[in-house]
Amino acid sequence: MTVIPVDELRVADCYQCGKCTAGCPVAARMDRMPNQIVRLVQMGGFEAAIASAAMWECVSCQTCTTRCPKSVDCAGVMDKLRALSAERPSPEQARHHTILFQHAFLKNIRRHGRLNELELVGTFKAAVFAKNLEIPFLFKDALLAPRMLQRGKLKLAGGSVRDRDVVGRIFDRCLQSRDRQGAV
Amino acid sequence: MSEPMPMSFEPKIIAFVCNWCTYLGADLAGTNRLEYPPNVRIIRLPCTGRIDFNLLVKAFEIGADAVLVSGCHPGDCHYTAGNFHARRRWMLFRSLLETLGIETERIHFTWISAAEGKKFQQVIGEITATARAMGPYAAYQGLSQVQVGQASTPAAGLQTRQPEDAQ
Amino acid sequence: MELGYYPGCALHGTSNDYEDSVRACLDALGVGLKEVNDWICCGATAAHSINHKLSIALPARNLALAEREGFGEILAPCPMCSMELLKASDLVKSDAALRQEMGRIVELDFEGRTSVLNLIQVFQKVGLDTIKAAVKSPLEGLKAACYYGCLLTRPPETLRFDDCERPSSMEAVIAALGGTAVEWNYKTECCGAGMTLANTDIVLDLSHKILTNAAAHGANCVVVACPMCHVNLDMKQADIERRTAVRHGMTIYYLSDLVGRALGLSDHTLGIDRHFVYGG
Amino acid sequence: MARIGVFTCWCGENIARTVDVEQVSAALGQLPGVHCSLDYKYMCSEPGQSLIQEKIKSENLDAVVVASCSPHMHLRTFRKTAANAGVNPYRVEMANIREHCSWVHHDRATATTKAIDLIRMSVAKVRWDEPLEPIKVPVTRRALVVGGGVAGIQAALDIADGGYEVVLVEREPSIGGKMAGLSETFPTLDCSQCILTPRMVEVGQHPRIKLYTYSEVEQVEGYLGNFTITIRKKARYVDTKSCTGCGDCWNACPIKRNPSEFDYGLGMRPAIYIPFPQAVPARPVIDKETCTRIKKGKGCGLCEKKCLTHSIHFDDQDELVSEKVGAVVVATGFKLYSIGQQQDDGATTGYGEYGYGKFKDVVTSLQFERLLSASGPTGGRVVRPSDGKEPKNVVFLSCVGSRDDAKGLPYCSKICCMYTAKHAMLYKHKVHDGQAHVFYMDIRAGGKNYEEFVRRAIEQDGARYYRGRVSRIYEENGKLVVRGADTLAGAPVTIEADLVVLAAAVVPATGVRDLARKLNVGYDQYGFLLESHPKLRPVETSAAGVFICGACQAPKDIPEAVAQASAAASKALIMFGHEELTREPEVARIDEKNCAACFTCVRTCPYHAIDKAELLTPRGVFVKRTARVNPGLCMGCGTCVAVCPSKSADLAGFTEQEIYAEVEALV
């Protein structure tokens, strides 16, 4: 059974008042409410929690954590769940835009040390297309790009770090515990 | 009286406890049948604030290997502040005891409430273990005899810890 | 006054207008910025979503670099960056073992001596009275809705900045510039932040609400101190219109834009003319 | 040489199973001074006790050691036993060979050895035990009651009706407390004032109650049975004796618009005012902060001109009066946690997200009581403070500040669930087409007819209960947008409300900590006063002769507060039932000839029981200065003994001699 370290998130203290759900800007879009996710984790129902798509809707705005009367780090729980599922992407989650984006993002900074946005957009859209064959999505921001270029807001070659290899090494050291380096 | 020296060393521990928290904590340990080493002898005082630290010196004189001072938790003192007075005086007293050559590591301070039978059990367990590890407190053993003008032989010192001695 | 400067990826990319604005107006205030040499990305949401250790290591590397260059304080105009930097700095300060581990991982030992400032804090350091005195053209007629979003104040125990429920530090700056700040309700609501590309619909809905509320309370512009907020509120207005059939036409300023303007700098210098919604 | 008897108890099998009691009593028989050493199955039983008494007589013993259970269990018992047989009860010691020995060890040999050690210690001590006599202190049969809320009123009336004088001190201009401001009371919905005001009038007219309103306890001296209380009568600027309460003055006052304390700022009052029509005493007071005449020292004075009885004196000053009492009842009550503002203790400001103090139509539960009350600023019409419109949707939030470690207090305020149900109900009764919404975490309705009452609010008056907290409240075009959650349905809930009522947490009244310090009464981290035993001594405190009742001890509803008040009163009455009081004689004493008069003990004594005094010859010639213990005040903690550099202080029952003997017994 999956176990994620949740002590420092104080999940055990949750008494289900629902203030996290009440304040969540995207709760309405979630298949399970934040308080329900915390409850699942509290009772060890990690599988069910990861199976939910709630964490992919979460915008990490920290409102839940900030207002929690028991100082439960609800946003932290969402992070943990994302991290966990990132380690073993199920087909559905692999197709999830957010995770595709985040992997593309990390790949990108791993390569350059800093973000190369144009390349990010490219890789990300390609990934989404490959996984989901969403043609419209592919061109969603296509209209945006030229206007960005014309405003000098897109650099075709992003600046990158001189000592670039160090970034790669940092990544390896952090991920070595995990066998999911492929993911990034 | 002429007992052979025992193989295993059993430390003698004297506990000065307050009547309202730690003594009741020890009672609770009893009611809950929480077993702990039999080395401790409890002296009941109204409050740890009552403890004159010469008492500790005395305890070592008569052959104690470790001493426990335990009262109510901060803020819970039956007499509002006695436990703090004890703590504060202990700070001043420590150095004095050290100059007296007393190994202050042999003196333990804790706070045990009337509800903490379990904690009492643990504390006594730990203190006994440390005392065993530290070995007999030769430096002060049998001093009392010396004062009453007797020869202080190691045996005399050790005998104070022999059960038969009582009879 | 000279400060260390951690621009972060956004300011070197899409939000280069923010960087120009920050540099220009701080220069005008006599605050020199020295870029942290060879800084790397802070990892943003992606890192702490996917690997906890990485989410500490990336900012830790930057803290180490800054410390090596002897910066006591660094400005991170992007709240995401400053939050990540602060979080990492708190962690390594409180946990020596972790600090050593991080030293090993990022190949640079450090104490965590460098403290991190956001843009508003820099203005506060300069002093609002000083700024007030330096104002050349007061911002009359400006009705600003100050928008803090999430990461300027949340999580409070990490940011330790302003009141996370009723923040007022930007309003104070606006007042110093002779403008007025409107009372409104979405100061600290989220705009969708990192979801800009991944989950565009969320962003459009949330940003739409924010712009609507600002307008409803009589604001003629929204002031931000965050590149992501700016992207979502400014760049996405066309998409919002396409999705909701509401045209907001709301100008979105960086706080530094307005300070710069009041100090008499041109829109071009401040990069304001590069905003998507630009009424001049 | 003492003649000691040692009595070892088997406690059935409890001791005998692990301790060889015969061996023990045999061993102790050997000790010098021990004239008889016996063991018996049950020492505490009737035959056991008479066995002790027989031996005391036959062996003519003058000291007794009982080796059995904890002294907390039976020391009293055996002291009585010995006393009845002519042994001074304070020459009885117990060795705890059950809780501290037979129950915690299994090896019979070691347990037996330890038992012997423990009893030897007691024998060594009892040898030195001095005969002691209980201390007798005279008692002033007169009580002070602090706080004139429903609890204070009840306590005062009970004691007075019991035949003793009562001094009732109330900080506000009138008695009545929080209850006087309530609309109707759960679960019966009888009108709060209708049931309280008659009691208030009784207090005002009672021949044995001396009422000090607009006054505070300044200083407390003395001890159990003999307190001297200094009371500060704050300048009222009105002579309550000559004043008839006609009202000409407050009608004349031009400074009309000051927020009324009684209406929690929802209503206005003049600078000279009575808090509410049924006030007791029905006499006005001048608020010196707002009265122009008092502020400037000249001008206005319209009230003075209008007053036919010349009862208004602008030069009035605070006055200190002193009262002697034997017992004190503290009934200082509660106040609400101040939402979104600094608390008394400087703690959390809490709940910026609810916009209290920013949005006029977000009110506290006590403010809502005033909106519901027939005597309230709106005459009982429920309206929005902002625009006077009738609210059609009212949202009630429970647990605002309660059960919230992060922003408020971890404890449950206990009364909110009930009064919130009442609010929802009363609102529905007044606004028939209105809808009440309640956000709650749990409904705590333990109490006679309480659960039924809550159900009525839901089933008959259609209050909508959502199980969840609210995250944020903000104003949007005249409505209050309430963002909450329904955790049972598993969905966020947004309600556009016209009025929001916050059930703020119950916290102790301002200044209670200072009062507690004056009285040597303990208090917890929140400022609630500490009872000396949560179950068996619920209204007594660590300070002898000081009793507590009502919400100053913990959040409480009216029935509980009243019951506790009567309990406190009865404790005072029990004291007054005696000519003099006896106290345990185990108190400190000073060897006054030896005392170096450094007065360290005076400074360290937690009960201020040691005074600086002068040692005089029988002829009254000054010999030297010395510390002197007041046995009436001393609680016997012994701190003075430990701090005394000249070893002049000692503690009866635990003397240096006795304790050292105990230790030395372990050689």
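Each chain gets a letter, A, B and so on, in the order the sequences are listed, and its residues count up from 1. Since we're looking at a predicted model, the values are computed, not measured.
In terms of heavy atoms, D:Asn630 sits closest to D:Gly632 at OD1-N, 2.8 Å. The minimum heavy-atom distance linking D:Asp650 with B:Arg50 is given by the pair OD1-NH2, 4.2 Å.
For a residue to count as touching a neighbouring chain, one of its non-hydrogen atoms must lie under 4.5 Å from one of that chain's; by this rule B:Asn54 touches chain D with backbone and side chain alike. If you measure heavy-atom distances from D:Lys125 to chain B, you find no contacts under 4.5 Å at all. Heavy-atom distances place no part of B:Phe120 under 4.5 Å from chain D, backbone and side chain included. For chain B, the nearby parts of D:Glu656 are the backbone and the side chain; heavy atoms of each come within less than 4.5 Å. For D:Val663, the parts lying under 4.5 angstrom from a heavy atom of chain B are both the backbone and the side chain. B:Leu34 touches chain D through its backbone: at least one of N, CA, C or O sits under 4.5 Å from a heavy atom, while the side chain does not. With a threshold of 4.5 angstrom between heavy atoms, B:Asn19 approaches chain D through its backbone and through its side chain. The contact between D:Met635 and chain B is made by backbone and side chain atoms together, counting heavy-atom distances below 4.5 Å. The part of B:Ile51 that comes within reach of chain D is its backbone (N, CA, C, O), which places non-hydrogen atoms under 4.5 angstrom from that chain.
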Could you walk me through whether D:Asn594 and D:Ser648 pass the side-chain hydrogen bond (donor to acceptor under 3.5 Å, both in side chains) test, one step at a time? CA-CA 6 Å; D:Asn594 192 49; D:Ser648 310; 3.1 Å; yes

Could you go through D:Tyr523 and D:Phe528, starting from their C-alpha distance and side-chain angles, then the distance that decides it, and tell me whether this counts as ring pair (Phe, Tyr, Trp, His ring centres under 6.0 Å)? CA-CA 5 Å; D:Tyr523 49 84; D:Phe528 287 116; over 10 Å; no

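A perpendicular orientation is assigned to the rings of D:Tyr411 and D:Tyr526, their planes being inclined by more than 60° (bins at 30° and 60°).
Side-chain N or O atoms of B:Arg33 include one that pairs as donor or acceptor with a backbone N or O of B:Thr31 at under 3.5 Å.
Side-chain atoms of D:Ser70 and B:Asp27 form a donor-acceptor pair, as typed in the model, at a separation below 3.5 Å. With 3.5 Å as the limit, one finds a donor-acceptor pair spanning the side chains of B:Gln121 and B:Lys118.
Heavy-atom pairs under 4.5 Å with chain D peak, among B:Ala29, B:Pro38, B:Ala59, at B:Pro38. Looking only at heavy-atom pairs under 4.5 Å with chain B, the residue among D:Leu118, D:Thr604, D:Asp524 that has the most is D:Thr604. Highest contact tally toward chain B, considering only D:Arg98, D:Glu586, D:Met73, D:Glu99, is held by D:Glu99 [criterion: heavy-atom pairs under 4.5 Å]. In terms of heavy-atom pairs under 4.5 Å with chain B, the best-connected choice from D:Asn14, D:Asn96, D:Thr110 is D:Asn96.
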